[in-house]
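Heads up: the structure comes next, in structure tokens.
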Amino acid sequence: MRLATWNVNSLAVRLPQLLDWLAANPVDAIVLQETKLTDDKFPTLEIGAAGYQVQWFGQKTYNGVALLSKQPAQDVVKNIVGYADEQARVIAGTVAGVRVIGAYFPNGQAPDSEKFVYKMGWLDGLRAWMAEELKAHEKVVLMGDFNIAPEDRDVYDPVAWAGQIHCTPQERAHFQGLLELGFVDAFRLFEQPEKSWSWWDYRNLAFRKNQGLRIDHILVSPALKGEVEACVIDKLPRKNERPSDHAPVVVTLR
DNA sequence: ATGACCCTCGAAGAGGGA
């Protein structure tokens, strides 16, 4: 089984790239972030024609998530159970016996901002919900754009980014909190190239200079840890014309 | 260099992203 996550930064713009990518990478399921579409504008026909069932949850202009799967998703949930949220950031469903949770974590803007306060509250809500999901399901995969670089090795310039958004101790503590629930960072189960990032700024020729952050993650529950055969970041779509600033992350389960 | 890019909304330039 192969699962993927990709922040597409506008599905309206990136739909052709998504369809191309799925044709080349026929994963069993993929979660998308930043679709930036209201539900009435979601391209269900094109995705269906590509052979995927789809669940979607959007809003105007910002955020928006989707879960595409070859097998239909069961018990679909939108947003964090027990945390009231105006923003469309989470979609979950059970696909072929695996609880798949796709999430677009808040950016947080700056550590002294209101948006950071919102991010912390959202992370508290997520942790409480994930504790319940891990009790309810053996096989759980939490993946998406976490907007957290867990360690200095996930940052191209950790000195410049020290204490900045995505790298604050508070955000990193929340990431650790998810690991303390039992989740495992699938990417770090394997030897990986140095300077592996999942996001590169559009500015400053950042991709060409490989200046980025690893902020898109796939966490698996304890029961799945031994099933993980591979986890890779696919940089290829970042080389497209008009790319998303994020690359897909893919996990292969036995 | 308190910048640089891209997307949305909407018809210019601001807000958000990270």
What I'd like to find out is whether the side chain of [X] reaches to under 4.5 Å of the side chain of [Y], using heavy atoms alone.
X: A:Arg188; Y: A:Asp154; answer: yes
X: A:Phe207; Y: A:Lys239; answer: yes
X: A:Leu15; Y: A:Ile47; answer: yes

Enter the distance from A:Glu34:CD to A:Asn9:CG here, rounded to the nearest 0.5 Å.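 Separation between the atoms: 5.5 Å.
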Should the pair A:Asp152-A:Arg172 be classified as a salt bridge under the 4.0 Å nitrogen-to-oxygen rule?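 Between A:Arg172 and A:Asp152 there is a salt bridge, with a charged N closer than 4.0 Å to a carboxylate O.
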Span that lies between the [atom1] atom of [M] and that of [N], in whole angstrom:
N: B:dG16; M: B:dT2; atom1: P; value: 22 Å
N: B:dA1; M: B:dG15; atom1: P; value: 26 Å
N: B:dG3; M: B:dT8; atom1: P; value: 23 Å
N: B:dG10; M: B:dC6; atom1: P; value: 23 Å

Taking only side-chain N and O atoms of A:Ser10, does any of them lie within less than 4.0 angstrom of OP1 or OP2 on B:dT8?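 Checking A:Ser10 against B:dT8: at least one side-chain N or O falls below 4.0 Å of OP1 or OP2.
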Could you tell me whether the phosphate oxygens of B:dC7, OP1 or OP2, come under 4.0 Å of any side-chain nitrogen or oxygen in A:Arg242?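 Affirmative; the distance criterion is met.
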I need the [atom1]-[atom2] distance between [X] and [N], as an integer number of Å.
X: A:Gln33; N: B:dC6; atom1: CD; atom2: C1'; result: 18 Å
X: A:Glu241; N: B:dC6; atom1: CD; atom2: P; result: 12 Å
X: A:Asn204; N: B:dC6; atom1: CG; atom2: P; result: 11 Å
X: A:Leu205; N: B:dC5; atom1: CG; atom2: P; result: 9 Å

Protein within reach of the bases, or only the backbone? For nucleotides 13-18 of chain B, mark each nucleotide 5' to 3' as B, S or -, using heavy atoms under 4.0 Å. ---SBB
Side chain to side chain contact (heavy atoms under 4.5 Å, CB included) partner of A:Val250, the single match among A:Val232, A:Leu3, A:Ile233: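 Among A:Val232, A:Leu3, A:Ile233, the one meeting side chain to side chain contact (heavy atoms under 4.5 Å, CB included) with A:Val250 is A:Val232.
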